Amino acid sequence: MCGIAGWIAYERDLAQETTTLDDMVRTLTGRGPDAGGSWIDGPAALGHRRLAIIDLEGGVQPMEAATPDGRVALTYSGEVYNFRELREELRGRGHRFRTSSDTEVVLRAYLEWGEATASRLNGMYAFAVWDGRAQKLVMVRDRMGVKPLFYHRTADGVLFASEPKAIFANPLAKPVVSARGLREFIAFNRPPGETIWDGVAEVVPGTVVTVDRGGIRSHTYWRLESREHTDDLDTTVERVRDLLDDTVARQLVADVPTCVLLSGGLDSSAITGLAAAHRTAEGRPLNTFAVDFTGESAHFVPTGVHGSRDADFATAMARHAGSEHTDIVLDPTSLADPEVRRRVVIARDSPAGLGDMDVSLYLLFRAIRERSTVALSGEAADEVFGGYGWLHNPAVQQGDTFPWITAGMIGATPNTQPVEMYNLDTLIALNPLETLADHYATAVAEVGRVDSESPHEHRMRVLSHLHLTRFLRMMLDRKDRMSMAVGLEVRVPFCDHRLVEYVYNTPWSMKTYDGREKSLLRGATRSLLPQSVIERVKSPYPVVQDRRYAEALQQHAKQLVGEDGPVFQIVSRDWLAESVKAAPESLTAAARNGLERALDTAIWLDAYRPDIRM
């Protein structure tokens, strides 16, 4: 997996800036605990932190290739799952390989095809190539945005990194947040290419960004395109199964211990079933992990959103698949630990998180990392196959904004915050809904129309597109940040672009052919699953219900109320003071989310000391 960083400065020799480069790279140690490296050639400085996954000895980075016309160097993060096929093709074209790593395949592919290399890769990746022959930097990000990549324009070049914190380790970049950035994290909406930080952009998924003395340019090498679906239902189900099986097989390849994240839902169970079949054929066991909470079996109360406990279904699926299963049981003290919360906020570079769902994910990944280095996840199935309950709600289908925002307004999602938690003057000044309509109109305009589809089918295509190009990217960023903070590589088979393209163009009537959500996925993997999982109603990532967690939140918030910090430029002190007085069991999900957001915001302000300009 790894973390990357670099600095291009056309007006200076960066050989004099090794200390600054080292400072940038050091912030990414969590992403690459195994090794670090740097490479400098005149105006170009590349840095790397390595998490060794494939070819543990040979995949050292940054990796260089000498050519008659100049040096070409690569700093690379991620995995390319078709690297073996590409290596054979490149060998046929005369390339010689010193290692068995996918890193060298990407470097040699660039030497052969240049920027067109991007369209040949199947995987999750973010990398930068310094091409000394043309004195240019080429930054590439995978199609779905699984791996992050950010950059900051300077007076004579650019800074880039896997995370903004690495960019801010360079004196040329300062953490500045304007009304635009604050508006985006309050509204839970981030347009492609933007971040909460002024001057820091992200490489848009499916995009190549080129930097040379003439400036910065970008071009899109992949986007979701609308096409006619001509396969019948049986063929479609079979095609989905074939694509998933091939994808899981590719993503099980590693030279380190590999496992599957198993929640007991349809998505993770499908991945578990497919992975178990491959492991059985190899004569090897499959390890699976799930998260649970202390005392949850005795105290779980079904809600309108979380109707069942994951642990029961995860156990049933593990038994069915024959996996070696472990429940990671978390207690309220760990979940409420201020130091853990601080690590989570810093890992995200933002207070725009999901509260205890982020904390528990971080702790889950930290525990898994003690036993495995790679984990396969069911993330993205809801976006690909239409699994969110709100997508099946007529009010959301007919809404005139992003569906998850409509869902929050009607109480169909647990991640809403009370608007009254924000400082009223700041809220009025920001008016977070002001630009939402423009962002929504821009997003909808990207969706192509198929002549044969009905108005309802097209509307559901639009909602699918919004989830795949907006909502999913936020979820992938969350999973990447929490996993890489502890050096765990999480792979997402449902983000294989071949599968995404195929299912995106499948009509909504096929996606719901059995009258339920994710019909295609259920049909494609039914033979691998126990009946209890097949019939289980969709349940989101779990939240802790223990009142002791809410009590701890209130105690920490009470301390915050007594201080005079910058957090109250954003958060309402009166609202926070009232919230800490409430009985813990009476706190609504939204109120608890508000407490978490207030604490996260205070941590973020203390850690980054941003210059806030409203």
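Hydrogens, waters and symmetry mates are skipped; everything else that's a heavy atom, side chains included, is used. Values in this document were obtained by computation on a predicted structure and should not be read as measured data. One-based numbering along the sequence shown.
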Self-check item: Value rounded to 0.5 Å, distance of CH2 in W113 from CG in L121
Solution: 9.0 Å

Self-check item: Euclidean distance, N82 CG relative to E88 CD, rounded to 0.5 Å
Solution: 12.5 Å

Quiz item: Could you walk me through whether E517 and D382 pass the side-chain contact (heavy atoms from CB on, under 4.5 Å) check?
Solution: CA-CA 9 Å; E517 80 289 344; D382 285 316; 6.0 Å; no

Quiz item: So, are E489 and R369 salt-bridged, with charged N and O less than 4.0 Å apart?
Solution: no

Exercise. Taking only Lys NZ, Arg NE, NH1 and NH2, and the carboxylate oxygens of Asp or Glu, determine whether R84 and E89 approach each other closer than 4.0 Å.
Key: no

According to salt bridge (charged side-chain N to carboxylate O under 4.0 Å, His left out), who are the partners of [X], at least two apart in sequence or on a separate chain?
| X | value |
| --- | --- |
| E457 | none |
| D292 | R309 |
| D234 | none |

Exercise. Assess R461 against Y504: is NZ or CZ under 6.0 Å from the centre of the six-membered ring, and within 45 degrees of the ring's axis?
Key: yes

Practice problem: Without swapping roles, check the side chain of R190 against the backbone of I196 for a donor-acceptor pair under 3.5 Å. | Solution: no

Quiz item: Side chain of S268, backbone of L262: donor and acceptor closer than 3.5 Å?
Solution: no

Identify, with sequence neighbours excluded, every residue that meets side-chain hydrogen bond (donor to acceptor under 3.5 Å, both in side chains) alongside [X].
| X | result |
| --- | --- |
| Y221 | Y125 |
| N287 | none |
| T525 | none |
| T207 | none |

Practice problem: Let me know which of D246, V253, T247 forms a side-chain contact (heavy atoms from CB on, under 4.5 Å) with R250. | Solution: D246

Exercise. Check side-chain contact (heavy atoms from CB on, under 4.5 Å) between T506 and all other residues, then give those that pass, not counting sequence neighbours.
Key: H229, T236, Y502, M510, K511, L520

Who are the ring-ring contact (aromatic ring centres under 6.0 Å, His included) partners of [X], not counting sequence neighbours?
| X | answer |
| --- | --- |
| Y151 | none |
| Y541 | none |
| F150 | none |
| H392 | W508 |

Quiz item: Checking side-chain contact (heavy atoms from CB on, under 4.5 Å) for the pair F365/V490: CA distance, chi angles, key distance, verdict?
Solution: CA-CA 9 Å; F365 288 159; V490 174; 4.1 Å; yes

Self-check item: Aromatic ring proximity F471/Y388, centre distance under 6.0 Å
Solution: yes

